[in-house]
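These notes concern the structure reproduced below.
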Amino acid sequence: MSSRYPFTAVVGMDDLRLALLLNAVSPAVGGVLVRGEKGTAKSTAVRALAELLPAVAVVAGCRFSCDPGSPDPGCPDGPHEAVGADTRPARMVELPVGASEDRLVGSLDIEKALSEGVKAFEPGLLAAAHRGILYVDEVNLLSDHLIDHLLDAAAMGSSYVEREGVSVRHAARFLLVGTMNPEEGELRPQLLDRFGLTVEVAASRDPQQRVEVVRRRLAFEDDPAAFADRWAGDEAALRARIVTARALLPQVTLGDAVLLQIAATCAAFEVDGMRADIVMARTATALAAWAGRTEVTSEDVRQAALLALPHRRRRSPFDAPGLDEDKLDETLEEFKGQDQEPDEDPEPDGPGDGGPGGGVPPQSDGPAAENSPAPEETSSPAPAPESAPAPAPQGAGSGERAAVAASEPFRTKVLSVPGLGEGAAGRRSRARTEHGRTTGSVRPRGALTKLHLAATVQAAAPHQKARGRTGPGLVVRRDDLRQATREGREGNLVLFAVDASGSMAARQRMSAVKGAVLSLLLDAYQRRDKVGLITFRGRDAEVALPPTSSVDAAAARLDKLPTGGRTPLSAGLLKAHDVLRIERLRDPSRRPLLVVVTDGRATGGGADPVALAARAARLHAAEGTASVVVDCETGPVRLGLARELARELGGTAVTLDELRADSIAGLVRDVQGNRKTTARRAA
């Protein structure tokens with residue numbers, strides 16, 4: 001008896017369960033990305049799906065799960081001729097966040113390939129997931145190159161392993177499911193597009209439904225076997241319905257009128273590319289098969305749009321995913337085919353078929369099924385109005401002002417940490433990485449992963465006569481192998497310390513400052529950095545956002561930032577020092593970049609605030625923290641305090657205008673033009 005929580009016992013989350021079941025019916029839909037807050041049973045639902053998938057027949061002894069009816073002609077364990085067949089349950093393979101590339105795609109024994117000409121291949125997780133489920137928890141925390149391998153295999157249905165001209169290919173068709181908490185960072189838009197469907201999940205605000213969740217979970221933990229027995233009948237019925245829908249799927253027709261609705265919907269919502277159209281068509285077809293029909297209806301198209309389009313409309317990490325349902329209904333009505341009946345009501349087929357587009361998955365007895373909250377009931381409480389400022393600190397000087405909106409973001413100058421790091425792969429500072437340009441070679445300490453072929457040949461060449469070489473092949477031994485060292489880019493921890501005091505409170509000025517920080521946040525998102533946000537005003541500094549990969553969370557904190565009061569610059573720098581000290585213990589390989597956004601004034605924090613700020617700045621300089629001061633001072637008379645602060649930090653200072661990439665490019669052009677003019681005059 002399985003110890004997994006039954007799928008039919010999951011309370012609520014109708015969209016999630018429907019999306020998973022549609023992929024079980026038609027894996028060609030392209031998988032599911034589940035976005036939601038922590039503790040919403042995302043992983044529980046995904047793991048429970050594996051028990052519902054029909055068993056698969058595989059070639060006996062094949063490590064790549066070839067189908068006996070149509071074995072892969074290029075299978076590394078092939079050719080498969082006149083071999084026996086085994087039947088086993090469909091697998092669910094989990095990809096850990098810290099997995100290596102070799103663990104994902106498999107590894108090739110380079111030593112045997114060079115010395116014996118043998119392709120000794122050890123399959124990875126992609127091979128194990130073939131014809132099953134590949135589940136990636138916290139998919140947004142995976143390294144970029146692993147996500148690229150993963151999604152390429154999901155799109156092509158095969159995996160390629162290349163090592164210095166020696167290649168292995170094997171089939172890798174699986175149902176890809178990823179879960180993520182948006183608070184921990186977003187996926188890039190082009191990677192979001194590779195997931196067929198996306199579902200947003202949140203904990204119910206209905207007390208009765210929450211009670212039922214707790215009741216069922218406690219019953220499962222007390223006696224998993226008895227709990228599974230209670231739901232065995234519902235599980236069997238749902239498993240049979242998946243088999244029936246799979247058999248019906250090839251018979252479902254997608255009429256021209258429905259295809260026009262799909263195309264018009266994607267065009268109306270300005271979705272890039274054609275993948276959305278294809279995914280919607282496949283999803284609508286699966287919905288019809290799930291409902292036991294052989295024709296796709298407008299309601300199927302509507303449900304498919306709600307699952308397939310919201311994540312494809314995001315243009316930046318600060319855009320909230322979503323779909324205007326009124327606009328969707330208007331588009332579908334405008335392009336509704338004349339051959340379809342306006343009030344077509346599909347026949348229910350089996351238990352749980354309770355709504356348009358094939359309905360929702362079955363939910364057996366329990367208060368949750370009868371008391372499902374309406375959408376407005378499950379939403380989070382409305383945030384407090386931004387215009388209501390907190391009480392101003394006593395003795396803070398000028399009064400607090402409400403938050404102002406940020407100006408339009410722009411492309412910024414590249415700010416980087418000097419030197420060569422070894423942090424997580426990213427796109428900001430130079431680092432030793434697994435991927436990048438080859439800079440040299442070393443003896444491998446463990447398993448060889450990146451062969452430096454020229455260095456290996458050079459090491460083996462002097463010993464060929466002593467090793468008795470007689471043929472054209474090179475005699476290579478373990479001691480000859482050389483690991484390539486590569487240089488690429490790393491992601492950094494970009495910690496913002498933003499001055500929100502009264503001297504920054506002018507509406508136009510603070511709007512420009514927020515626009516600059518927002519631009520730097522967007523740059524940090526694109527370069528795969530972690531970000532943190534510290535603000536200082538009045539008498540103290542606070543950590544508005546601890547270091548995280550979620551730049552949209554930082555943007556939200558910035559948007560609500562009020563201004564006013566004195567300028568405790570030393571408190572802001574000391575708070576930044578504490579945050580960086582803790583982060584160095586948590587992640588010593590990730591190098592920090594401190595970005596101080598201020599006019600350089602210090603009017604709070606002690607009897608001599610300027611001296612205290614200078615002393616705090618020297619703490620950062622003593623630890624070698626890379627820093628940049630964004631000088632926000634404006635007006636015809638400037639004191640140059642921000643540039644003095646940059647000198648104390650051992651960093652650089654840039655003005656808001658100099659922060660713009662186009663301004664820097666123009667400055668470079670001007671300097672080059674002046675040099676050419678001077679050279680001509682000298683000649």
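Heavy atoms only: backbone and side chains are in, while hydrogens, waters and symmetry mates are out. Everything quoted here is computed from the prediction, not taken from an experiment.
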Exercise for review: Side-chain contact test, heavy atoms from C-beta onward, threshold under 4.5 Å: evaluate it for Leu306 versus Glu325 and give yes or no.
Suggested key: yes
Point to revise | Which atom of Leu521 lies closest to which atom of Val551, heavy atoms considered | key: O-CG1, 3.8 Å
Point to revise | Evaluation steps, side chain to side chain contact (heavy atoms under 4.5 Å, CB included), between Phe227 and Glu221 | key: CA-CA 9 Å; Phe227 189 82; Glu221 291 176 354; over 6 Å; no
Check your understanding: What's the shortest heavy-atom distance between Cys75 and Cys62, and which atoms?
Key -> SG-SG, 3.7 Å
**Study point:** Pair Gln303-Glu299, side chain to side chain contact (heavy atoms under 4.5 Å, CB included): steps then yes or no
**Key:** CA-CA 6 Å; Gln303 182 68 62; Glu299 288 298 340; over 6 Å; no
**Study point:** salt bridge (Lys or Arg N to Asp or Glu O under 4.0 Å) between Asp137 and Lys42, intermediate numbers included
**Key:** CA-CA 9 Å; Asp137 193 14; Lys42 303 185 296 291; over 6 Å; no
Check your understanding: Is a donor on one side and an acceptor on the other found under 3.5 Å between the side chain of His130 and the backbone of Arg173?
Key -> yes
Practice item. May I ask you to test the Glu490-Asn492 pair for a side-chain heavy-atom distance under 4.5 Å? Key: yes
Exercise for review: Supply the atom-to-atom distance Thr297 OG1 to Leu332 CG, rounded to the nearest 0.5 angstrom.
Suggested key: 10.0 Å
Check your understanding: Does Ala45 offer a backbone N or O that forms a donor-acceptor pair with the side chain of Arg47 under 3.5 Å?
Key -> no
**Study point:** ring pair (Phe, Tyr, Trp, His ring centres under 6.0 Å) partners for Phe64, two or more places apart
**Key:** His170
Review point. Can you name the nearest heavy-atom pair linking His311 to Gly196, along with the distance?
Key: CE1-O, 3.8 Å
Revision key, fill the gap. Scanning both residues in full, the closest heavy-atom pair of Asp77 with Gly61 reads OD2-O, 4.1 Å
Point to revise | Contacts of Val211 that satisfy side chain to side chain contact (heavy atoms under 4.5 Å, CB included) - sequence neighbours left out | key: Arg215
**Study point:** Trace of the side chain to side chain contact (heavy atoms under 4.5 Å, CB included) decision for Phe195 with Val177
**Key:** CA-CA 8 Å; Phe195 282 94; Val177 182; over 6 Å; no
Review point. Side chains of Ser298 and Gln261: donor-acceptor distance under 3.5 Å anywhere?
Key: yes
Study note, to complete from the structure: Rounding to 0.5 Å, atoms CG (Leu16) and OG1 (Thr198) come to a distance of 11.5 Å
Practice item. Measure the shortest side-chain to side-chain distance between Leu126 and Phe174 over non-hydrogen atoms and say whether it is less than 4.5 angstrom. Key: yes
Exercise for review: Would you please name every residue forming a salt bridge (charged side-chain N to carboxylate O under 4.0 Å, His left out) with Arg590, sequence neighbours left out?
Suggested key: Asp587
Revision key, fill the gap. Correct closest heavy-atom pair for Arg131 and Ala90 would be O-CB, 4.4 Å
Practice item. Check whether any side-chain heavy atom of Arg275 lies under 4.5 Å from a side-chain heavy atom of Val279, and answer yes or no. Key: yes
Check your understanding: Thr285 side chain to Val252 main-chain N or O, any donor-acceptor pair under 3.5 Å?
Key -> no
Check your understanding: Under the side-chain hydrogen bond (donor to acceptor under 3.5 Å, both in side chains) test, which residues partner Asp72, sequence neighbours left out?
Key -> Arg169
Review point. Can you tell me how far the CZ atom of Arg63 sits from the CD atom of Glu122, to the nearest 0.5 Å?
Key: 6.0 Å
Review point. Side chain to side chain contact (heavy atoms under 4.5 Å, CB included) with Arg293: which of Asp300, Leu287, Leu248?
Key: Asp300
Study note, to complete from the structure: Hits for side-chain hydrogen bond (donor to acceptor under 3.5 Å, both in side chains) against Asn181, two or more places apart or cross-chain, chain-then-number order -> none
Practice item. Using only heavy-atom distances, determine whether the side chains of Arg88 and Ser65 contain a donor-acceptor pair under 3.5 Å. Key: yes
Check your understanding: Would a 4.5 Å heavy-atom cut-off, applied to side chains only, mark Ile133 and Leu49 as touching?
Key -> yes
Practice item. Could you walk me through whether Leu197 and Leu33 pass the side chain to side chain contact (heavy atoms under 4.5 Å, CB included) test, one step at a time? Key: CA-CA 6 Å; Leu197 310 179; Leu33 176 64; over 6 Å; no
Check your understanding: Side-chain donor-acceptor pair under 3.5 Å between Glu235 and Thr8, yes or no?
Key -> yes
Study note, to complete from the structure: dist Tyr135:OH -> Leu125:CG (nearest 0.5 Å) comes out at 14.5 Å
Exercise for review: Decide, yes or no, whether a salt bridge links Asp272 with Arg312 under the criterion of side-chain N to carboxylate O below 4.0 Å.
Suggested key: no
Review point. Under 4.5 Å between any side-chain heavy atoms of Met92 and Glu51, yes or no?
Key: no
Check your understanding: Would Arg528 count as a cation-pi partner of Tyr525, with NZ or CZ less than 6.0 Å from the six-membered ring centre and within 45° of the ring normal?
Key -> yes
Review point. Does Arg239 have any salt bridge (charged side-chain N to carboxylate O under 4.0 Å, His left out) partners at least two apart in sequence or in another chain, and if so, which?
Key: none
Check your understanding: Is there a donor-acceptor contact under 3.5 Å from the side chain of Asp529 to the main chain of Gly491?
Key -> no
Check your understanding: What's the spacing between Ile534 CD1 and Leu545 CG if we round to 0.5 Å?
Key -> 10.5 Å
**Study point:** Leu238 and Leu21, any side-chain heavy atoms less than 4.5 Å apart
**Key:** yes
**Study point:** Interatomic spacing from CE in Met180 to OG in Ser549 - rounded to 0.5 Å
**Key:** 10.5 Å
Practice item. For the residue pair Val56 and Arg91, establish whether any side-chain heavy-atom pair is separated by less than 4.5 Å. Key: no
